Structure formats: structure tokens, C-alpha cells
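Dropping a structure here in C-alpha cells format, bear with me for questions.
Hydrogens, waters and symmetry mates play no part in the numbers below; they use all other heavy atoms, side chains included. All of these numbers come straight from a predicted model, not from anything done at the bench.
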Amino acid sequence: MAKTTEKNSVKQISDNVTESGQNSSEWIPGPRTSAKNVRDPRVRKTVNKLRAVYIELLGEMSPDRISVLKLTDRSHIDRKTFYLHYRNMDDMKNDVCDVKAADLIGRLTGEITQDIRIIYKYLDSLEPGVYSLLTSVQERDFRDRFLHQVFTSDAFSSYYQGDDADIVEGYLYSIFYIYEENRISADPLESSELADYAARLVMNGIRGVK
């Protein structure tokens with residue numbers, strides 16, 4: 001029974017990972033995946049499964065405890081195959097970050113309030129292990145990598161005018177921190193109300209810079 005539950009859990013995450021590839025402009029290969037194999041459905045299935053199992057393991061333990069051996073044993077994929085797509089577990093973690101960022105970017109519209117609502121809905125839907133990486137003090141590089149990709153994407157490009165790009169990016173980052181604070185608040189705002197509040201705050205800050 002436990003094995004069936006585990007298998008179903010991996011499949012659900014794997015489906016989410018596959019959808020992530022479909023929402024971005026193109027399926028994202030692993031960092032070491034050979035260009036000639038990118039369209040091979042077997043390769044895509046393998047990489048998606050590694051991502052899915054890694055995300056599942058993140059829900060059970062901290063990333064520093066996830067080894068290549070643990071990942072490949074759970075995935076039923078041999079280590080040689082893992083190394084065809086990733087150099088190490090840091091590669092794996094960064095890859096999951098990039099896939100999630102690309103998935104979110106593929107949903108954005110370029111309208112600030114709507115996009116904040118999309119971002120908040122997306123954060124609500126993240127697997128617990130991935131969200132824990134975004135909020136962990138020890139995983140600041142993961143969070144910064146994710147936020148930088150999202151908030152320098154085309155949807156936000158119109159706000160980067162002049163020489164104050166770092167300040168503008170800081171205001172845009174606050175969209176995430178407002179969500180994070182609200183999530184742990186004893187009296188949280190409803191999602192759409194929070195998005196409206198964040199949009200006003202961020203746009204007032206950006207206008208002040210300009």
C-alpha cells in the first residue's frame with residue numbers, strides 16, 4: 001500500500017513537472033542533457049521523473065540530505081543516467097528552480113495586478129518542499145535565482161527604465177515578501193485583496209523612483 005501511495009505521489013508531481021514544461025515556451029532539458037536527445041520522449045520522461053522525485057524528497061528532508069544515491073534509488077534510475085543530465089545535486093536543485101520560474105513566467109500577462117494574482121495563486125500551488133526552499137534562510141541562492149528570473153522577465157520589463165534597475169527590482173521582489181508575511185500572519189488577507197494591496201505598494205514605490 002505504501003509503495004502504491006508513493007508511486008501515485010510521484011506521478012502527480014511528475015504530471016505537474018510535465019505541465020511546467022508545456023506552459024513555458026519549450027520543454028527545459030537538464031543542464032547536461034545532450035541537444036540531440038532533447039526531443040526524445042524517453043529522455044523527457046527520465047528528466048521529468050528525476051525532477052518529480054527530487055521534489056517529493058524535498059517534502060521529506062532538507063536538500064543537503066538528498067544524495068544522488070537516494071534520488072536514483074527512489075526514481076529507479078541508475079546513477080549513470082543521472083549524470084547524463086546533471087553534474088551534481090546543486091545542478092538538480094537549480095534545474096527545479098529554473099523549471100518552476102519558467103512555468104510561472106509562461107503564465108504572466110504584463111498587467112501588474114493580474115500578474116501579482118497569478119504569482120500568488122502559483123505560490124499557493126507549489127509543492128511544500130519547493131516552497132520551503134523559497135523561504136529557507138539557508139537557501140537564499142535558490143530564492144534569489146527564482147525571483148530574479150521572474151521579476152526580470154518580459155512581463156516586468158517596462159518598469160526597468162533609467163539607471164535605477166536594482167531599486168525597481170527590489171520593489172518587485174517585495175511582491176514575494178508581502179505574500180510570505182501574509183502566509184504566516186494570524187489574520188491573513190484574502191488573495192485578491194492582498195494582490196491589490198501589493199500592486200498599490202509596489203507601483204507607488206516604482207513611481208517614486210522614477
Checklist entry - Given side chains that start at C-beta, do those of Leu84 and Thr33 come closer than 4.5 Å, heavy atoms only? => result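 No, every pair of side-chain atoms sits at 4.5 Å or beyond.
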
Item to check | Shortest non-hydrogen contact from Tyr122 toward Ser125 | outcome: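 That would be O-OG, 2.8 Å.
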
Checklist entry - What's the spacing between Ile119 CD1 and Arg117 CZ if we round to 0.5 Å? => result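 Rounded to the nearest 0.5 Å, the CD1-CZ separation comes to 12.5 Å.
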
Checklist entry - Would you call Arg107-Asp103 a salt bridge at under 4.0 Å N-O? => result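 Result for this pair is yes, salt bridge flagged.
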
Item to check | Derivation of the salt bridge (Lys or Arg N to Asp or Glu O under 4.0 Å) call for Glu60 and Arg65 | outcome: CA-CA 10 Å; Glu60 302 172 13; Arg65 292 182 56 209; over 6 Å; no

Checklist entry - Any salt bridge between Lys80 and Asp78, counting N to O under 4.0 Å? => result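 Result for this pair is no, no salt bridge flagged.
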
Item to check | Arg74 vs Tyr54 side-chain heavy atoms within contact, under 4.5 Å | outcome: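 They are not in side-chain contact.
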
Next on the checklist: Does Arg32 qualify as a cation-pi partner of Phe82, given the criterion of NZ or CZ under 6.0 Å from the six-membered ring centre and within 45 degrees of its axis?
Outcome noted: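 The answer is no, since Arg32 fails at least one limit relative to Phe82.
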
Item to check | Within-4.5 Å side-chain heavy-atom neighbours: Met89 and Pro63 | outcome: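 When only atoms from C-beta onward are counted, Pro63 and Met89 do not touch, as no gap falls below 4.5 Å.
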
Next on the checklist: So which atom in Thr113 and which in Ala199 form the shortest heavy-atom distance, rounded to 0.1 Å?
Outcome noted: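 Heavy atoms of Thr113 and Ala199 come nearest at OG1-CB, 3.4 Å.
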
Next on the checklist: When you compare the side chain of Tyr86 with that of Leu50, does any pair of heavy atoms fall below 4.5 Å?
Outcome noted: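 SC-SC contact between Leu50 and Tyr86 confirmed.
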
Item to check | Other residues, nucleotides, ligands: >12 heavy atoms within 6.0 Å of Asp64 CG | outcome: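 Yes, enclosed.
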
Checklist entry - Does Tyr171 OH have over 12 foreign heavy atoms under 6.0 Å away? => result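 No, because the 6.0 Å sphere around OH of Tyr171 holds 12 heavy atoms or fewer from other groups.
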
Next on the checklist: Is the ring pair Tyr179/Tyr131 parallel, tilted or perpendicular, if the boundaries are 30 and 60 degrees?
Outcome noted: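 Rings of Tyr179 and Tyr131: perpendicular, as their planes differ by over 60°.
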
Item to check | Minimum side-chain heavy-atom gap Arg44-Arg39 below 4.5 Å | outcome: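 When only atoms from C-beta onward are counted, Arg39 and Arg44 do touch, with a gap below 4.5 Å.
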
Next on the checklist: Nearest 0.5 Å, please: how far is OG in Ser75 from CD in Glu56?
Outcome noted: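 Reported value, rounded in 0.5 Å steps: 9.0 Å.
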
Checklist entry - Considering all heavy atoms of both residues, which atom of Asp115 and which atom of Gly110 are nearest to each other, and what is their separation? => result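 Closest heavy-atom pair between Asp115 and Gly110: OD2-N, 2.7 Å.
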
Item to check | Ile206 and Leu172, any side-chain heavy atoms less than 4.5 Å apart | outcome: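 Heavy-atom side-chain distance check passes, below 4.5 Å.
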
Checklist entry - What's the spacing between His76 NE2 and Thr81 OG1 if we round to 0.5 Å? => result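 So the gap between those two atoms works out to 14.0 Å.
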
Item to check | Interatomic spacing from OG in Ser192 to NZ in Lys121 - rounded to 0.5 Å | outcome: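 Rounded to the nearest 0.5 Å, the OG-NZ separation comes out at 12.0 Å.
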
Checklist entry - Cluster question for you: counting only ILVMFWY and a side-chain heavy-atom cut-off of under 4.5 Å, with indirect links fine, are Leu126 and Val53 together? => result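 Leu126 clusters together with Val53.
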
Checklist entry - If only atom types and distance count, is the side chain of Tyr120 paired as donor or acceptor with the main-chain N or O of Ile175 below 3.5 Å? => result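 The answer is yes, because a donor-acceptor pair under 3.5 Å joins these two groups.
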
Checklist entry - Would Ile112 and Phe156 count as a side-chain contact (heavy atoms from CB on, under 4.5 Å) if you check the C-alpha gap in whole Å, the side-chain angles of each, and the deciding distance to 0.1 Å? => result CA-CA 8 Å; Ile112 187 73; Phe156 298 100; 3.8 Å; yes

Item to check | Minimum-distance pair of heavy atoms, taken over all atoms of Asn182 and Leu189 | outcome: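 Answer, listing the atom of Asn182 first, then Leu189: OD1-N, 2.7 Å.
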
Checklist entry - Is the backbone N or O of Asp40 less than 3.5 Å from a side-chain atom of Asn37, with the two atoms forming a donor-acceptor pair by type? => result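 No; judged by distance alone, with no hydrogens or angles, the pair does not exist.
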
Checklist entry - Is Glu127 paired with Lys100 through a side-chain N to carboxylate O contact shorter than 4.0 Å? => result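 Answer for the salt bridge query: yes.
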
Checklist entry - Just by distance, with hydrogens left out, do Tyr177 and Glu181 show a side-chain donor and acceptor under 3.5 Å apart? => result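 Side-chain D/A pair, Tyr177 to Glu181: absent.
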
Next on the checklist: Can you tell me if Tyr197 has over 12 outside heavy atoms packed within less than 6.0 Å of its OH?
Outcome noted: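 For Tyr197, atom OH is not crowded (no more than 12 foreign heavy atoms under 6.0 Å).
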
Next on the checklist: Before you tell me yes or no, could you show the steps for Phe176 and Leu123 under side-chain contact (heavy atoms from CB on, under 4.5 Å), namely the whole-Å CA-CA distance, both residues' side-chain angles and the distance that decides it to 0.1 Å?
Outcome noted: CA-CA 9 Å; Phe176 172 76; Leu123 292 172; 3.9 Å; yes

Checklist entry - Where do Asp98 and Phe146 land on the side-chain contact (heavy atoms from CB on, under 4.5 Å) test, with the steps shown first? => result CA-CA 7 Å; Asp98 295 346; Phe146 178 86; over 6 Å; no

Item to check | CG-CG distance between Asn94 and Asp90, expressed to the nearest 0.5 angstrom | outcome: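 Reported value, rounded in 0.5 Å steps: 6.5 Å.
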
Next on the checklist: Are the side chains of Leu134 and Glu180 in contact, using a 4.5 Å heavy-atom criterion?
Outcome noted: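 Glu180 does not reach Leu134 side chain to side chain.
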
Next on the checklist: Run the side-chain contact (heavy atoms from CB on, under 4.5 Å) test on Ser132 and Leu58 for me, step by step, so that the C-alpha distance in whole Å, both residues' side-chain angles and the decisive distance to 0.1 Å come before the verdict.
Outcome noted: CA-CA 8 Å; Ser132 70; Leu58 283 174; 5.5 Å; no

Next on the checklist: Please find the pair of heavy atoms, one from Thr135 and one from Arg143, that lie closest to each other, and give the distance.
Outcome noted: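 For Thr135 versus Arg143, the nearest heavy atoms are C-NH1, 4.2 Å.
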
Checklist entry - At what distance, to the nearest 0.5 angstrom, does CE of Met92 lie from SG of Cys97? => result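 Result: 12.0 Å between the selected atoms.
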
Checklist entry - Is any side-chain heavy atom of Val38 closer than 4.5 Å to a side-chain heavy atom of Val43? => result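 In short, these two side chains do not touch, never coming nearer than 4.5 Å.
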
Next on the checklist: Which heavy atom of Thr109 sits nearest to which heavy atom of Gln114, and what is that distance?
Outcome noted: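 In terms of heavy atoms, the two residues are closest at OG1-CG, 3.9 Å.
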
